[in-house]
Each structure stands twice: as structure tokens, then as C-alpha cells.
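Everything numeric here is computed off the predicted structure, so don't read it as measured data. Atoms within a ligand are numbered from 1 in the order they appear, just like the ligands themselves.
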Amino acid sequence: MIIMVINSGSSSLKYKLFDMRRKLALAKGACERIGIDGVMKYQTHTGLKKETQLPLPDHKAALTAAIAQVTDSAYGVVRNINEIGAIGHRVGHGGVYFSDSTLIDDAVIMGIRKCIPLAPLHNPAALMGIEACRAVFCAGTPQVAVCDTAFHQTLPPRAYTYSLPRALCKKHGIRRYGFHGTSHKYVGQQAARLLGKPFEECNIISCHLGNGSSITAIERGKSIDNTMGITSLQGVVMGTRCGDIDPALPTFLMREEGMSADEVDRVLYTETGLLGLSGVSPDLRDIEISAAQGDADAQNAIDTLVYQVKKYIGAYLAVLGYADAIVFTAGIGENSAMIRLRTLGGLERLGILLDEEKNNAYAGQAADIAAAASAVRVYIIPTDEEWMIACDTERLTAGS
Ligand code: AMP
């Protein structure tokens, strides 16, 4: 079966085409600047790359252009659109409506729509991708929604409740939802494979550290806590997002700086985090260079990130009682040996011992970087959210 995975943004549509039988990503592409002018990027598994400019007035036009690429007689990877058996969509927020991936029908579309107030940028974009597929693919092609929040629907009330008046919470759906669920579930399952145990028997702390970051406590294969909240601002410091701050700070800024609610949102989402702390860049690589040159703000940005990740690992260890493994994934988690070393440094008495040589020798494959004597395994596992979405899509559409 060939499955197309779609990640639709407000002005972009990224896709990846999988041959499930061969477990192979045949091609991937990105339609960018939709509604502005239009740029198409395309790459096949054989290494062929193309970049073209053509008008992309809307998501339907972008998807039509993407289908033209993957079916092109010269550089395509499938003969025609009918070879694509199903479509999997990344959906940002599933609220309380979706605790698993789900086949898309009108009721599911309504559910995604109901969550728009919780994800005003992401959910309308996902809906545009779904509508474009309905218009471009034949009616029988099944579509599946995979929500970033679904894996965290197992959080117990003590972890997801905010201590606000109950009536307000009920009225607006205010609670912790958690994010990066597809990634945490994927690396958690991979860690279970490495541990040689069923996922349902594993306690795992999963650290997804990238431009956006969150940490999950997984108890016996279920998410029981995640550092992100009702929005993706809460938790550890991120590229341009603030992570945990005193809840009175937004109103403080409104009063003292005369900012509007939208301005506060913009600052918290785009000017804080590693960028705000360092004044250099949201990208850890740039910050590492500045820190090495003696920049105190850059050094503090790294110290803050390390401190917060360490703090949550400690908190989740306490909540879980023990962990079989700690997993590092995403851009920073997979690539920064320094962040992993400093985060786990000093945790020896909690049974966490890193093998420094293995930590430094990581080469892009899933790896155990714990010392032989470590009671807790430490893994680096490259995340693959698109593959996870494709697998869920296959599971839900098999036989359809
Ligand atoms: P992601 O959102 O998962 O793509 O992660 C992006 C972030 O990963 C970037 O902003 C960088 O901060 C970080 N990153 C990627 N490669 C490296 C590296 N070699 N060393 C340190 N940080 C890295």
C-alpha cells in the first residue's frame, strides 16, 4: 500500500509518500508560500531533487501540483493518483475528542473544527489539507487524522487539571493536553523494542528537544504527563517559546508595557526561549558557538535549558517511581552530545550513568548511550512522526 502523509500549514503543505510493504519513504516534498506566490520542493529516495516556482493560490492547487510531481513520468515515484491507497494527516489539536488516530468523516471534521479555539493556527491549516484531499482524490480514498494530542489523552485528572474555577475550565476546555504525542509514542515504542519488553510494560521518560520541546512521562506504555499544556508554550524553554513562566507575567507586561493580548502572545511565541535568553539566535548551534566564545547570555541560555530538562526528568522519575529508559529525540535531543551530557550529569545516584564515548559517537541510528552499569538505559532515537502517521493510517484503513 502507498500512503501519503500530509502536514498542512497555513501557507505550506508538506508531504511524504511511503511504500508500506517495503517500509520505504519513496518521496517527500513541500509546497511553500501558498497564497503568496508558490515554491515546490521535491526529493525522491533515489536522491533526485527539484525546486520549482509556480503559482499556488490555495491548498487544492498545492496538492494538485504535488500529485503532478509524484506521478510525473520522468521523476515521479507512482504511476497515477489511484496508486495512493490512503492519506494520513497531521492534526495539531484533537482536544478531548480524539484519544487515537481516526478515520476522517464529517463528524471528525466537526471535532477538529471544535478545537480551533485551542489551536487557532494549526487546526484550520489541517482542515485546509483535508478539504484539498477531498477535492483532489477520488471519493473512496480514506483519510486518517493523527492528532499530536491523542497519545496524552491517558493523562490522569491530577496531571491535566489546572487549578482554575471548574466552571471556566468546563466552558472553554481549559486543561493540559500535551503535544508531540506522535513523536513520544514513536520513540517510546522504539525504546521498548530496544529494551526487549512490550511497550505496555515499560516506564519511559521521553525528551523531545527541538525547536519546540516537550518531555513525557510514560507509565506502562501510556502517557501520564507531558510538559506542554493547553498550548504549546508551557514546559521547558524552546527556540522562541518561553516555557514555564509565572502566570502573572502576561498581565504584568500588559500593564507595564501597554501591550495588547495579541502582542503578549507574539512575544511569548516568537521572541522568548533560547532566542530571548541568548539574544543571539533560537538555534542551539549558534548559541553553542557564542557560549564557547565567552558570551555570558548564551552560556545562561544553555544553563537554563539544561536545568529545566534535568528538573523535569527528576520530577517524572519521582512520579513514575522508576524508569526503564530515558530517550532523547528531535534536533537538539538527537544532535547535542553536550546537552545530553550536562542534563544527565550528577544523576548517578538516581541510577543514570552515561557512557561519554557512546554519547559522543552517535551516528544517526538509534543507540544506547548508557554505561553498562546504569540502572536506567539512555537512548537516542531519531523521531519519525511521518512514519508513525503512515503506520496508523495503514492500521485504520487496512481492508478498506
Ligand atoms: P527540530 O525542531 O527537531 O528540527 O530541531 C531544531 C533544533 O535542533 C535547531 O533549532 C537546533 O537548535 C537543534 N540542532 C540541530 N542540529 C544540532 C546540532 N548538531 N547541535 C546542536 N543543536 C542542533
Side-chain angles (χ1 to χ4, degrees), residues 5 7 9 12 14 16 25 28 30 32 41 43 90 92 121-122 148 151 178-188 190 206-216 226-228 231-243 269-293 295 297-310 327-345 354 356 358-367 369 379-389:
V5 171
N7 186 355
S12 68
K14 293 188 191 128
K16 212 164 177 179
K28 65 178 178 180
E32 293 169 356
K41 293 177 181 161
Q43 192 178 340
R90 181 176 195 176
L121 296 179
H122 292 104
D148 243 15
F151 182 53
F179 293 89
H180 295 130
T182 311
S183 174
H184 289 296
K185 187 174 174 188
Y186 174 79
V187 299
Q190 296 301 310
S206 165
C207 307
H208 178 113
L209 308 177
N211 196 30
S213 298
S214 76
I215 303 176
T216 295
N226 176 263
T227 52
M228 282 180 165
T231 71
S232 59
L233 269 186
Q234 202 181 348
V236 293
V237 57
M238 298 171 233
T240 62
R241 282 174 264 169
C242 56
Y269 275 99
T270 66
E271 292 181 9
T272 57
L274 293 175
L275 174 64
L277 282 165
S278 68
V280 171
S281 162
D283 191 310
L284 183 68
R285 287 164 290 201
D286 300 332
I287 297 169
E288 286 184 1
I289 292 167
S290 295
Q293 289 165 349
D295 183 323
D297 289 338
Q299 288 166 352
N300 182 48
I302 292 173
D303 289 348
T304 306
L305 173 64
V306 165
Y307 176 76
Q308 294 188 355
V309 177
K310 190 192 284 272
V327 180
F328 287 93
T329 193
I332 294 173
E334 290 167 37
N335 294 303
S336 179
M338 178 273 293
I339 293 291
R340 293 190 299 266
L341 177 69
R342 290 195 48 197
T343 299
L344 298 185
L354 205 60
E356 276 196 54
K358 288 183 183 161
N359 184 40
N360 290 327
Y362 173 69
Q365 307 278 330
I369 57 167
Y379 298 129
I380 307 171
I381 300 179
T383 194
D384 196 344
E385 288 155 297
E386 289 95 353
W387 174 246
M388 189 80 202
I389 293 171

Peer 1: Closest non-hydrogen protein atom to atom 12 (O) of ligand 1, residue and atom name please, with distance?
Peer 2: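 Result for atom 12 (O) of ligand 1: Leu284 N, 2.7 Å.
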Peer 1: Just which atoms of ligand 1 are under 4.0 Å from any heavy atom in Ala330?
Peer 2: 3 (O)
Peer 1: Tell me whether Asn211 has any N or O atom under 3.5 angstrom from an N or O of ligand 1.
Peer 2: yes
Peer 1: How far is atom 13 (C) of ligand 1 from its nearest protein heavy atom, and which residue and atom name does that atom have?
Peer 2: Ile332 CG1, 3.5 Å
Peer 1: Please say whether more than 12 non-hydrogen atoms of neighbouring residues, nucleotides or ligands are located less than 6.0 Å from OH in Tyr307.
Peer 2: no
Peer 1: Quick one: are Glu334 and Thr383 in side-chain contact, heavy atoms under 4.5 Å?
Peer 2: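 In short, these two side chains touch, coming nearer than 4.5 Å.
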Peer 1: Go through the steps for Ile302 and Glu288 under the test side chain to side chain contact (heavy atoms under 4.5 Å, CB included), then give the verdict.
Peer 2: CA-CA 8 Å; Ile302 292 173; Glu288 286 184 1; 4.2 Å; yes
Peer 1: Do Val237 and Thr272 touch side chain to side chain, with heavy atoms closer than 4.5 Å?
Peer 2: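 Side chain of Val237 against side chain of Thr272, heavy atoms only: no contact under 4.5 Å found.
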Peer 1: How close does the nearest protein non-hydrogen atom get to atom 11 (C) of ligand 1, and which residue and atom is it?
Peer 2: Asp283 OD1, 3.3 Å
Peer 1: At what distance is the nearest protein heavy atom to atom 20 (N) of ligand 1, and which residue and atom is it?
Peer 2: Arg285 CG, 3.6 Å
Peer 1: At what distance, to the nearest 0.5 angstrom, does CG of Asn300 lie from CD1 of Ile287?
Peer 2: 10.5 Å
Peer 1: Where is the nearest protein heavy atom to atom 18 (C) of ligand 1: which residue, which atom, and how far?
Peer 2: Asn335 CB, 3.3 Å
Peer 1: So, do Asp297 and Leu277 sit near enough that their side-chain heavy atoms are less than 4.5 Å apart?
Peer 2: no
Peer 1: Is there any N or O on Leu209 that sits under 3.5 Å from an N or O of ligand 1?
Peer 2: no
Peer 1: Which side-chain N or O atoms in residues 206-213 pair as donor and acceptor under 3.5 Å with protein atoms at least two apart or in another chain?
Peer 2:
from: Ser206; atom 1: OG; to: His184; atom 2: ND1; distance (Å): 2.6
from: His208; atom 1: ND1; to: Ser183; atom 2: OG; distance (Å): 2.8
from: Ser213; atom 1: OG; to: Gly210; atom 2: N; distance (Å): 3.1
from: Ser213; atom 1: OG; to: Gly210; atom 2: O; distance (Å): 3.2

Peer 1: Name the closest protein heavy atom to atom 3 (O) of ligand 1, giving the residue it belongs to and the distance to 0.1 Å.
Peer 2: Gly331 N, 2.8 Å
Peer 1: May I ask you to list the atoms of ligand 1 that are less than 4.0 angstrom from any heavy atom of Gly210?
Peer 2: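 Answer for ligand 1: 1 (P), 2 (O), 3 (O), 5 (O).
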